[in-house]
Amino acid sequence: MLSIENLSVTFKDRASGEDIRACDGISLNVEAGELVGLVGESGCGKSTLGRTIVGLERASAGRVLINGVDVLTLRGSRRRQARLQAQYIFQDPYTALTPSQTIGQAIDEALQIAGEHNARARMLRARSLMEEVGLPLDILERQPRELSGGQRQRVCIARSLVVEPKVLICDEPVSSLDVSIRAQIMNLFLKLRDEKGLAILFIAHDLAVVRQAASRVYVMYLGQIMEAGPSASVYSQPLHPYTQSLLSAVPDPDPRIERQRRRILLEGDVPSPARPPSGCRFRTRCPAAASICASEPPVMSIGEASAHCHFAGTVRLMPAA
Amino acid sequence: MSTLFRIARRIGLPAVFLIGFFVFVGATAPWIVPHDPTSQDLMASNESFSLEHPLGTDHLGRDTMSRLIMGARTTLVAVATVILFAMCVGGLIGTLSGYVGGLVDEALMRFVDFGLSVPSMIVALAVIGVFGPGYWNMILALTIAWVPSYARLSRATVAATVHQPHIESLWVLGASHPRIIFRHLAPTALSAILVYASADAGVLALTIATLSFLGLGVQPPMAEWGQMLVDALPYLEESPRQVILPGLALTIMVIGFNLLGEGLALYRAPRAIGAKALERRRQLLLREGEI
């Protein structure tokens, strides 16, 4: 349903004039009725990737296929039609709604934009959308500031459903919510995935959040995909040293295990995406880096689970004592 | 207590009453003037306070009170016209600049920088120098002089709003550029500009009086405060009343606009909720059975 091929997004740094490759040759795909996780640290380009899919950023190379149509090659109203198939859920539901509009007005406007001219039809549709996301009808009369974070995020989801999208890009949609609300919103996404057959790309900086919900996971580092595979295998047998170190940072709910847990601590900082390291992007921080890592960029291994590493699968980082 | 009065009280009653008074006087001027403000009576020139002429007459025997009242109208109309034009042009330039960004933004803002770097009075004088003195030329000159600050202000507001998720989400939903600009960005910019404009109106009123004082703005026999001042100047010693009255009117109007601007700015700013309002809200929730 959503297929991205070799997508690159380049920004020009105003101050230094350097090209910053926020996304560098990314390929991924999400099938209808599937929720796929995209994880990585802040600044690795995962949000840029999501924003490019819905047209908020300009791609410098590659293809974005939504429902088999390359959005980037189209122009004008055909491009608009194509990109509307993918909708975006923002991280912060507090700023994603116009403060001066009531919820009813916001959804009404979305329906107007979608070309529904009949006011009564818009009202009925707004009501059914509220029902769909599990909100009471009187919310329509409220201002955004009167709602809780979870309610606002539901409103944002309802509004994005106005155009009947096939793809939903969720940019850390639960990270600004209370932990108690997160599960409810996650369940809503799962419900939409199952009932509407939505293809959901779920962006998160936290592996634990997507562990339960995602069938497959992509791990990103410095603008590239490091590892991809079914959640089960990525979580139990991570192939890439970066994924291994990320997973070692996830706390365990059992205090006895947690006390004995050892983390893999990475040295140094993430390099500037303006001047990425030669060869493998991760080599400057990889405990298992060898000379080949600096001279040759690794290719993605092929298979169910694949990693962007010369030693995919053979390396197993040991936690520091 | 009516909502209108509550709003007025929050903005500040002195400001609202002062400007309200001037607006009322200006709007009804032709019907409330005791005499024709332009009709001369040389037999009754430079008269002091009297029943016939409550505030006296000027050197041509024109009724001072009538001229003060008509002067309020002239000033307010000129101020409103300039602010309206400057707000539309400046707001449009600023909104486009902030929305489009990039080279367009750079180019437009360098023009604005140029306009801001020259004092607006000098710009106005230059424009009048080219087109000649007169009422409409003064309006044009002041509009040109005032556009840059409105453009800069609205550009800043728009640039700060345009990348907020609530605007971006409209784009993702397929909203057109005009819809985003005119329904969402321009109103935000406008509300910021309005606060600035209400405080700025005082400066504008003063500039209009200055230009007319210099003989470059409003032309005789139209009644205007700056002109009344320059007409009265030769009689300063024998009849200071003629200088003091229009000067006082101008001062009060400028103070009124400044208070209004400050009140509006504070009105928009968030503030702590008072105990009374908190109790009212609690009662409301209780009645709705929510707590």
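Residue numbers start from 1 in every chain, and the chains themselves are labelled A, B, ... in the order their sequence lines are given, proteins ahead of strands. Note: hydrogens, waters and symmetry copies are ignored here, and every other heavy atom, side chains too, is used.
- Taken from CZ in B:R179 to CD in A:E109, the straight-line distance is 4.5 Å, to the nearest 0.5 Å.
- Of all the listed residues (A:T95, A:V54, A:V162), the one sharing the greatest number of non-hydrogen pairs under 4.5 Å with chain B is A:T95.
- Shown here for A:A110 and B:L173, the closest heavy-atom pair between the two residues is CB-CD1, 3.9 Å.
- Counting heavy-atom neighbours within 6.0 Å of A:R120 CZ, excluding the residue itself, gives a total of 12 or less.
- The contact between A:Y88 and chain B is made by backbone and side chain atoms together, counting heavy-atom distances below 4.5 Å.
- Closest approach of A:A96 and B:P165 over heavy atoms only: CA-CB, 3.7 Å.
- Heavy atoms of A:Q101 lying under 4.5 Å from chain B belong exclusively to its side chain.
- A:P99 has its side chain within reach of B:H166: a pair of non-hydrogen atoms, C-beta onward, lies under 4.5 Å apart.
- For B:E262, the CD atom is loosely surrounded, since the number of other residues' heavy atoms within 6.0 Å does not exceed 12.
- Residue contact with chain B, scored on non-hydrogen atoms closer than 4.5 Å, involves the side chain of A:R51 exclusively.
- Heavy-atom contacts from other residues, nucleotides or ligands closer than 6.0 Å to CG of B:L4 number 12 or fewer.
- The contact between A:S160 and chain B is made entirely by backbone atoms, counting heavy-atom distances below 4.5 Å.
- Interatomic distance, OG1 of A:T98 versus CZ of B:R183, reported as 12.0 Å (0.5 Å rounding).
- Across every non-hydrogen atom of B:W171 and A:R83, the tightest pair is O-NH1, 2.8 Å.
- Taking both residues in full, the closest heavy atoms of A:R80 and B:G174 are given as NE-O, 2.7 Å, listed atom of the first, atom of the second, then distance.
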